[in-house]
Structure formats: C-alpha cells, structure tokens
Amino acid sequence: MERILLASPTMHGEENNYIKEAFDRNWIAPLGFNCDGFEDEMTEYLGGNMHAFATVSGTSAIHLAVKLAGVRPGDYVLCSDLTFSATVNPVSYEGGIQVFIDSEKETWNMSPEALEEGFSKYPDAKVVVLAHLYGTPAKLDEITEICRKHDAILIEDAAEALGAEYKGIKCGLFGNYGILSFNGNKIITTSGGGMLLSRTKEDRDKALFWSTQARENAPWYQHTELGYNYRMSNVVAGIGRGQLKHIEEHKQLKKEIYQRYKEGFKDLPVQMNPYAEDSMPNFWLSVLTVNEEYMCRQERTDNCTTWVHEPGKSCPDEIESILSENNIESRPVWKPMHMQSYYADRDFIGSGFSEEIFKRGLCLPSDIKMTKEDQDRVIGIVKKCFGGN
Ligand SMILES: *Cc1c(COP(=O)(O)O)cnc(C)c1O
C-alpha cells in the first residue's frame, strides 16, 4: 500500500501555466512578473492593508522582520517556546537573546500571562516573536494588547497558519510584521519560499534592499550595509500563484481531516489540538495528545526514545512506531526551544505546559490527498494502540 504522508505538496496543474510563462519570456531570475503577481494576489487574499515581499524561505522572511524590528546584539526578545526552531533562530542571526515563553492550554500558543511575566522580568524587551502553531491562531487580542502596553514590536510567524482567521481577520495581519512560508509541507507550497508582510512601503523597500545584496545606487557595486540573497525566484513564484487559487479548497479538506479524527477518537483517551471559539484555524496539521492517565511509560533522551507497552494505555512514540510499521508517517510535536541543548542558556518563563504537549502529543497524517479509507486505517491503528480491536 502507498505510504500515507504527514503533509505533501498537492499540485493542480495551473502552476505550470505560470512557470511556462516565465520560461517563454525567459524570465528565470529573482524578481519578475510572477513575484509581483504572487505578492499582489496574496495581499488581495489576505485582505489587509499591508505590503507583501516574497522571499526564498519563511526563515529569511523572519530574519528580515527581526532586522526591521531593530534587534541588536544583546537585546532580549520574547519568543514562542513551542515551535519550530526557524521561528527563533533569526533572533540569534542578529545577536539577540531569546527568552522563551510557555504555551497556554486553549490554543497551545504563547501564553499571555507568561508573556506579561516576561515583560516584568525583562522590561527592556522591545520585540515579541509569536508563532501560530499547526494553523491555530494564538490569543491575539491579549497578546497585541500586551505588546501595545509595553511599546513592543510584534512579529507574527504565520508560516503554518496561512488562511487561518482570528475574529474574521487573517493571521499575519495582527503584528507589525507577519511572515508566511511556502515550504514543501505547508498548506500551499512553492517547493520553498516565504513572504514578509509589513505595514509600510518603507519597510518593504528596506527588505528588498537587504535581500538583493544591499547594493547602493551607484555605477558600481557599492555597499554601505550588509546584504543577503533572499529574493524569491520568478519561476518559484509561479508555483505559488497557481497554488494560491486553491487555498480555500486545501483549508476545507484539512478541516474535514481534523473533524474525522475528532469523531474517530471520541471514545479514546486522547484529545485533538484545541482552538478558541473566536478563531478559525486552517487545520494544517491534526495533532493528538494522550490523556495523562493513559500514558504508558515513555522515556526520551536527547536522541532516542523507549517505552513500555501497558494494556489500555499508549504514548506518542509507541503510536508513531506502529503507524510507521504500517507505512504511515506521523511526527512528534515540536520539541520546545527551552529544551534544546543549543538554547540551554536561555531563560524560560512559564510552568512547563509546552513540555507536556511535547511529551503527550503526536502530529497525525494530514495530507489532503489521503482518502477516507486511508484515514480510517490511521484511526483504526491508533485505537488498537489503546487495546481496541
Ligand atoms: C516552516 C516554518 C518556518 C520556516 O519556514 P521555511 O520556509 O521552511 O524557512 C518558520 N516557522 C514555523 C512555525 C514553521 O512551521
């Protein structure tokens, strides 16, 4: 049987038309009409008053946001703890020092209480980096209010949350800067790419300048600032234009997958990743957590795991292993940043809820090409892990 994947690219054919046009016009370069078109169409889709800038990756877009936010060596930056390392690494590119902020229970995203505590402990912090995990919007009212109160710049990492809405407004539009990713496993993809969303044209112009090697306006290669090669290619942007036409369809399929898991697991001691009533996730990944009392013994070192099967109980690593034996891909939840040895010297603020999600959580196959029958198999295997038949 074919492997069931966590999330793989779903192409529709229209992508080819844009790529073909790039070839026909021999416009195989960074910059170009597909980049412009992709940025304009994304702006229109998001419906916000912002300036979009397409980049080679989401990570480079975050780096540009961190630079635009003015992070300097030695500055403290308050960051989501439970996320992919790409959310927080660019802070280090600029010499900033991350302070990791715990998750809350309602959405698994940055806890407003812990953020407030972070500002009490680091009153000089001027930048917050917030990720919307697995496509679920964070508590944006609370977080934007705290940032406003402390006069801090908010960078919204919406890499996983393109198309997700909070009170009817799309993720990426709440912060001073928003970023998107079009990596291969995201809800739409360009094979690799990202986008920076900023509020002013000046910020976008500055991002473009840095992203094209910081060339000054002069007859030769004149540099007064450090530059980067971060601009998206015109070929790749064509894939994005074709994909963007299908975002709503992708969201709908992702939502149906989430709902089928929820229904399928209703008699099991597991929960699906939660979201708040006033938000509409894009359901990028469906994630389960095993209820505390139903966790069998699972021990993880930095590089490996062991568990002991107990009747009626299970754990993420056991479920992952049995799914894998059945040629089904699943993945642990992001390992919190404060638990990473690279960031061992960084401060962490919270009670350890992010660690709890890591211990008891598993990302399930959420590929929109998965059939109902495929998904029933996944559900059946998870049931068996808890001793069902
Ligand atoms: C994928 C991802 C990124 C990085 O995006 P790339 O395009 O892969 O560089 C950043 N943050 C989060 C939360 C992500 O999931």
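Note that ligands are numbered from 1 as they come in the structure, with each ligand's atoms numbered from 1 the same way. Throughout, numbering of the chain's residues begins at 1 and tracks the sequence. All figures in this text were calculated on a predicted structure; none of them were measured in a lab.
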Check ion pair [X]-[Y] (N to O, under 4.0 angstrom):
X: Glu248; Y: Lys251; answer: yes
X: Asp376; Y: Lys372; answer: no
X: Glu39; Y: Arg204; answer: yes
X: Glu14; Y: Lys245; answer: no
X: Arg3; Y: Asp367; answer: no
X: Arg241; Y: Glu21; answer: no

* Structure fact -> In this structure, atom 9 (O) of ligand 1 is nearest to the protein heavy atom Thr59 OG1, 2.5 Å
* Structure fact -> Closest to atom 5 (O) of ligand 1 among protein heavy atoms sits Ser181 OG, 3.2 Å
* Looking only at heavy atoms of Lys186, does any of them come nearer than 4.0 Å to an atom of ligand 1? ->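 In this structure, Lys186 qualifies as a contact of ligand 1 - some heavy atom is under 4.0 Å.
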* With a 4.0 Å cut-off on heavy atoms, does Gly193 reach ligand 1? -> yes
May I ask you to list the atoms of ligand 1 that are less than 4.0 angstrom from any heavy atom of [X]?
X: Thr87; answer: 11 (N), 12 (C), 13 (C)
X: Glu160; answer: 12 (C), 13 (C), 14 (C), 15 (O)
X: Thr83; answer: 13 (C)
X: Ala86; answer: 3 (C), 4 (C), 10 (C)

* Side chain, backbone, both or neither: the part of Ile179 lying under 4.0 Å from ligand 1 by heavy atom ->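 Neither; no heavy atom under 4.0 Å.
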* Looking only at heavy atoms, is any part of Asp157 under 4.0 Å from ligand 1, and if so is it the side chain, the backbone, or both, or is it neither? ->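 Side chain only.
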* To do: Could you check which of Gly58, Ser57, Ala159 puts a non-hydrogen atom nearest to atom 3 (C) of ligand 1?
  =>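 Considering heavy atoms of Gly58, Ser57, Ala159, the nearest to atom 3 (C) of ligand 1 sits in Ala159.
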* Nearest option to atom 8 (O) of ligand 1, as decided by whichever heavy atom of Leu180, Asn183, Thr190 sits closest -> Asn183
* Side-chain donor-acceptor contact under 3.5 Å, Gln298 with Thr305 -> no
* Looking only at non-hydrogen atoms, find the nearest pair between Ser321 and Trp307 and report the distance. => CB-CH2, 3.5 Å
